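Some notes on the structure that comes next.
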Amino acid sequence: MIYIENNSLNPYFNLALEEYILKILNLDDDVLMLWRDDNSIIVGKHQNTIEEINDEFVKENNIKIARRITGGGAVYHDLGNLNFSFILKDKNISTFEMKKFAIPVVNALEKLNIFADISGRNDITIEGKKISGTAQAIHKNKILYHGTLLFDSDLSVVSNALNVKFDKIKSKGIKSVRSRVTNIKDYLKQDIDILEFKSIIKKYFFPYGVNEYILSAEDLKKIEELRDNKFSTWDYIYGSSPKFNYSNSKRFSGGMVEVFLFVENGIISTCNIYGDFLGESNVDLNKLFVGIRYDQKEILNVLNEFKEKQLFGDISNEEILELFS
């Protein structure tokens, strides 16, 4: 097995690196990476991004949003979370089981006297609480199998960042299953930090020395192109979301407003607004937001093209914006 050192904390670069190794880089052996992301939410390939995140909390806390190429549910990454990625050449793709590579991770934890279990299809747990979720992607004769290891993550942020009101949105995107989570560090007898933990996991997989591949300048250039042209783009993160219906309503001091949207590829394709508010304009509100991204900044830009009271009477633009989130 080959090890690739990756010290980047940028989720867009790190996801691009995984895809590059899986689909472009041609090495003669399997690959392992251990890496971290700064504060970010990573949604699964088939998920509706908007449906998975607490948008207000995410913006207030400068949390990045990214989409990965594997399925499964949304996860929160911070510097207390260690991620692992196996990129494997496998001639028997049809018989591949994710548990096959969860077992070595469990065995590595056992070296620290952490006795974990493989739960369900793709979780690793301690005493019934989740410490790892895993997922996979297949490309030709190669498999990407990756997962999280909650070592010393801020679990309060995990719950708040992924705390979504599902009743506003109806889509066919894969929904995340919320589980009780815990940190590995809480079960350790010795006091180590996450970098020491990373070193221990690495040593378990390479007990006799590391066979390392160093990314070349050409490798880095191609990875950065993937980062800039795909993984960090709005079109990939939000525009790749499944079609969905959105509805919300609220009574303000200036009247009742109801909003009904249909969003496709991240773009509002149908909008219906109802209420007993007293606007001062003959603008067709149902056409006003059609064709723009379902994005708070773009919606506010449209609202700000009009004077206060012109569209919704005594209801402010900031109050109307609440209905779209």
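These numbers come from a predicted model, not from an experiment.
Under the 3.5 Å distance criterion, the side-chain polar atoms of Gln47 are matched with a main-chain donor or acceptor of Gly44. In this structure, Asp78 contributes its side chain and Asp154 its backbone to a donor-acceptor pair below 3.5 Å. At distances below 3.5 Å, at least one donor-acceptor pair connects side-chain atoms of Gln296 with backbone N or O atoms of Phe324. Put simply, the side chain of Asp29 gets close to the backbone of Met1: a donor and an acceptor are under 3.5 Å apart. Within the 3.5 Å criterion, the main-chain N or O of Ile65 finds a donor-acceptor partner in the side chain of Tyr12. Judged by distance alone, the side chain of Lys142 and the main-chain N or O of Ile21 form a donor-acceptor pair under 3.5 Å. When atom types are taken as modelled, the side chain of Asn54 and the backbone of Phe57 share a donor-acceptor pair closer than 3.5 angstrom. With hydrogens and angles ignored, the 3.5 Å screen pairs no side-chain donor or acceptor of Arg67 with any backbone N or O of Val43. Judged by distance alone, with hydrogens and angles left aside, the side-chain atoms of Glu18 form no donor-acceptor pair with the main-chain N or O of Leu15 at under 3.5 Å. Checking side-chain atoms of Thr70 against main-chain N and O of Ala135 turns up no donor-acceptor pair under 3.5 Å.
In this structure, the side chains of Ile315 and Glu319 come closer than 4.5 Å at one or more pairs of heavy atoms. Using a 4.5 Å heavy-atom threshold, the side chains of Ile69 and Leu144 count as touching. Side-chain contact between Leu150 and Ser132 is absent, with no heavy atoms from C-beta onward closer than 4.5 Å. Side chains of Leu34 and Tyr3 form a contact here, defined as non-hydrogen atoms less than 4.5 Å apart. Contact annotation: the side chain of Val302 approaches that of Ile292 to within less than 4.5 Å [non-hydrogen atoms, C-beta and beyond]. Inter-residue side-chain proximity for Tyr76 and Asn81 is flagged as unmet; no heavy-atom pair is nearer than 4.5 Å. Counting heavy atoms from C-beta on, the side chains of Asp117 and Val106 never come closer than 4.5 Å. By the 4.5 Å heavy-atom criterion applied to side chains, Asp38 and Lys64 are not counted as neighbours.
The two atoms that bring Pro11 and Asp37 nearest to each other are CA-OD1, 3.2 Å, heavy atoms only. Annotation for Asn211 and Phe206: closest pair N-CD2, 4.3 Å, computed over non-hydrogen atoms. The shortest heavy-atom contact between Phe151 and Ile192 is CZ-O, 3.5 Å. Residues Asp123 and Gly133 share a closest heavy-atom pair of OD1-CA, 3.9 Å. Between Ser249 and Leu323, the shortest heavy-atom distance links the atoms C-CD2, 3.7 Å. Summarising the geometry of Ser241 relative to Ile237, their closest heavy-atom pair is OG-O, 4.1 Å, with the distance given to 0.1 Å.
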For residues 223-231, which side-chain donor-acceptor pairs fall under 3.5 Å, sequence neighbours excluded?
unit_1, atom_1, unit_2, atom_2, d
Asn229, ND2, Glu225, O, 3.2
Lys230, NZ, Glu19, OE1, 2.7
Lys230, NZ, Glu19, OE2, 3.4

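Ring-plane geometry between Tyr145 and Phe84 is classed as tilted, the angle between the planes lying from 30 to 60 degrees on a 0 to 90 degree scale. Taking the six-membered ring for Trp and thresholds of 30 and 60 degrees, Phe205 and Phe86 have ring planes more than 60 degrees apart, a perpendicular arrangement.
Within 6.0 Å of the CG atom in Asp284, the count of heavy atoms belonging to other residues, nucleotides or ligands exceeds 12. The 12-atom threshold is not exceeded at CD of Glu56, counting heavy atoms of other residues, nucleotides or ligands nearer than 6.0 Å. Surrounding NZ of Lys45 are at most 12 heavy atoms belonging to other residues, nucleotides or ligands under 6.0 Å away.
Rounded to the nearest 0.5 Å, atoms CD1 (Ile131) and OG1 (Thr182) are 8.5 Å apart. Lys59 NZ to Ile53 CD1: the interatomic distance, rounded to the nearest 0.5 Å, is 8.0 Å. One finds the OG atom of Ser8 at 8.0 Å from the CG atom of Leu17 (value rounded to the nearest 0.5 Å). Note: Glu264 CD to Lys243 NZ = 4.5 Å, rounded to the nearest 0.5 Å. Once rounded to the nearest 0.5 Å, the distance linking CD1 of Ile126 with CG of Asp186 reads 9.0 Å. In this structure, CG on Asn301 lies 7.0 Å from CD on Glu298, to the nearest 0.5 angstrom.
Separation of the Tyr246 and Phe260 ring centroids does not fall under the 6.0 Å cut-off. Taking the six-membered ring for Trp and the full ring otherwise, the centers of Phe244 and Phe262 sit at least 6.0 Å from each other.
A donor-acceptor contact under 3.5 angstrom links the side chains of Asn83 and His77, judged on distance only. Asp219 and Tyr20 are linked by a side-chain donor-acceptor pair at a separation below 3.5 angstrom, with hydrogens and angles left out of the test. For Asn286 and Tyr274, the side-chain atoms include no donor-acceptor pair closer than 3.5 Å. Side chains of Asn6 and Asn14: a donor-acceptor N/O pair is present below 3.5 angstrom, by distance only. A side-chain donor-acceptor contact under 3.5 Å links Ser85 and Trp35.
Legend: residues meeting side-chain hydrogen bond (donor to acceptor under 3.5 Å, both in side chains) with Asp152, ordered by chain and number and at least two apart, are absent.
No chain of hydrophobic side-chain contacts below 4.5 Å, direct or via other Ile, Leu, Val, Met, Phe, Trp or Tyr residues, connects Phe277 to Met256. In the hydrophobic clustering of this structure, Phe306 groups with Phe289; members are Ile, Leu, Val, Met, Phe, Trp, Tyr whose side-chain heavy atoms approach within less than 4.5 Å, directly or through other members. Clustering ILVMFWY residues whenever any of their side-chain heavy atoms sit less than 4.5 angstrom apart, transitively, puts Leu9 in a cluster other than the one holding Ile4. Linking ILVMFWY side-chain heavy atoms closer than 4.5 Å, directly or via other members, places Leu220 and Leu27 in a single hydrophobic cluster. The hydrophobic cluster containing Val259 also contains Val283, counting ILVMFWY residues as joined when their side-chain heavy atoms lie under 4.5 angstrom apart, directly or transitively.
Residue Ile200 is tested with Leu195, Leu109, Leu112 for a side chain to side chain contact (heavy atoms under 4.5 Å, CB included); the sole match is Leu112.
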Open item on the list: Would Lys202 and Glu212 count as a salt bridge (charged side-chain N to carboxylate O under 4.0 Å, His left out) here? Give the steps.
Closed with: CA-CA 12 Å; Lys202 181 179 175 181; Glu212 186 172 352; 5.2 Å; no
